[in-house]
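Report on the structure given below.
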Amino acid sequence: MHVMEDAFILEVADPETGRIVPDGERGTVYITTLYKHGAPQIRFNVNDISAWHTSACPCGNTQRRLQAIFGRNDNMVKLRGVNVFPEAIGATVVEDARSNGEYFCFVDRVGAAGVDQMDVWVEVLDGVDRAVCRADLERRLKEVLGVKVAVTPVGKGELDRYTGTSLSSKVRRLLDRRG
């Protein structure tokens, strides 16, 4: 993911403050086009989360490069101080052969202290021991995300009313109900 630095200026900035982050740290990508005169883009927020590589590329190209697109800023939620991307949850759910890959995240503020909590509903295959699957996915998601989330296994097709999978190509994966 080399950046053609003679044609574009890319910046990686903190999603909340807009300040440039150090190389290697994740942030939202801003792009400025240098040769697009008819409709120039100046510090256009593409809403993708990425980070600059901090090492040289093995291919020998000396231009800067992005690590990866980790998710979308508009899908990101802050959960007890940790940035959580539904895409990271999806990648973990897809790895589990007991699920069909469908998931949906609910974020709520619970209790008198107002603690943020995420419940990830996952469609599982028929015959799966849901209690074991739930425990395994909760452990794995804590490893991947760095924050504990609850998992609720559900049957095939039960998430369609939330995701809109059967109605649209733009699938929803998150409902933040914190107000």
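Annotation: the span from Leu10 atom CG to Thr33 atom OG1 amounts to 11.0 Å, rounded to 0.5 Å. One finds the CH2 atom of Trp121 at 8.0 Å from the CD atom of Glu158 (value rounded to the nearest 0.5 Å). With rounding to the nearest 0.5 angstrom, the OG1 atom of Thr163 is 10.5 Å from the CZ atom of Arg161. Rounded to the nearest 0.5 Å, atoms NZ (Lys148) and CE (Met118) are 13.0 Å apart. Here the CH2 atom belonging to Trp52 is positioned 15.5 Å from the CZ atom belonging to Arg26, to the nearest 0.5 angstrom.
The local environment of CZ in Arg19 is sparse, with at most 12 non-hydrogen atoms from other residues, nucleotides or ligands closer than 6.0 Å.
Looking only at side-chain heavy atoms (C-beta outward), Ile9 and Leu34 come within less than 4.5 Å of each other. Side-chain contact between Val107 and Gln117 is absent, with no heavy-atom pair separated by less than 4.5 Å. Using a 4.5 Å heavy-atom threshold, the side chains of Pro15 and Ile49 count as touching. Counting heavy atoms from C-beta outward, Arg65 and Ser55 have side chains that approach closer than 4.5 Å. The shortest distance between side-chain heavy atoms of Gln63 and Cys57 does not fall below 4.5 Å. Asp119 has its side chain out of reach of Val149: every pair of non-hydrogen atoms, C-beta onward, lies at least 4.5 Å apart. With contacts defined as side-chain heavy-atom distances shorter than 4.5 Å, the pair Val46/Tyr30 does not qualify. Between Arg64 and His53 the shortest side-chain heavy-atom distance does not fall below 4.5 Å.
Residues Val128 and Cys133 approach most closely at CG1-CB, 3.9 Å, considering heavy atoms. Scanning all heavy atoms of the two residues, the minimum distance from Ser50 to Ala68 falls at OG-O, 2.6 Å. Smallest separation of non-hydrogen atoms from Pro86 and Leu174: CG-CB, 4.1 Å.
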Could you walk me through whether Ile89 and Tyr103 pass the side-chain contact (heavy atoms from CB on, under 4.5 Å) test, one step at a time?
CA-CA 8 Å; Ile89 293 168; Tyr103 68 98; 3.9 Å; yes
Could you walk me through whether Tyr35 and Phe8 pass the ring-ring contact (aromatic ring centres under 6.0 Å, His included) check?
CA-CA 8 Å; Tyr35 295 106; Phe8 303 96; 8.6 Å; no
Derivation and outcome, side-chain contact (heavy atoms from CB on, under 4.5 Å), residues Glu11 and Arg43:
CA-CA 8 Å; Glu11 300 170 280; Arg43 250 188 140 237; 2.9 Å; yes
Worked verdict on Asn45 versus Thr28 for side-chain hydrogen bond (donor to acceptor under 3.5 Å, both in side chains):
CA-CA 7 Å; Asn45 182 354; Thr28 189; 3.0 Å; yes
Under the side-chain hydrogen bond (donor to acceptor under 3.5 Å, both in side chains) rule, what do Asn100 and Glu123 come out as? Steps first, then yes or no, please.
CA-CA 6 Å; Asn100 65 0; Glu123 288 187 6; 2.8 Å; yes
Stepwise side-chain contact (heavy atoms from CB on, under 4.5 Å) test for Thr165 and Glu102
CA-CA 9 Å; Thr165 304; Glu102 290 296 324; 3.6 Å; yes
Can you list the steps and then say if Asp160 with Ser166 is a side-chain hydrogen bond (donor to acceptor under 3.5 Å, both in side chains)?
CA-CA 7 Å; Asp160 189 55; Ser166 66; 2.6 Å; yes
From CA spacing to verdict: side-chain contact (heavy atoms from CB on, under 4.5 Å), Val77, Phe85:
CA-CA 7 Å; Val77 292; Phe85 299 93; over 6 Å; no
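The one candidate from Arg177, Arg109, Lys78 that meets the salt bridge (Lys or Arg N to Asp or Glu O under 4.0 Å) condition with Asp116 is Arg109.
No continuous path of ILVMFWY side-chain contacts below 4.5 Å connects Val93 to Phe106, so the two sit in separate hydrophobic clusters.
Residues satisfying the side chain to side chain donor-acceptor pair (under 3.5 Å) criterion with Glu25, sequence neighbours excluded, are absent altogether.
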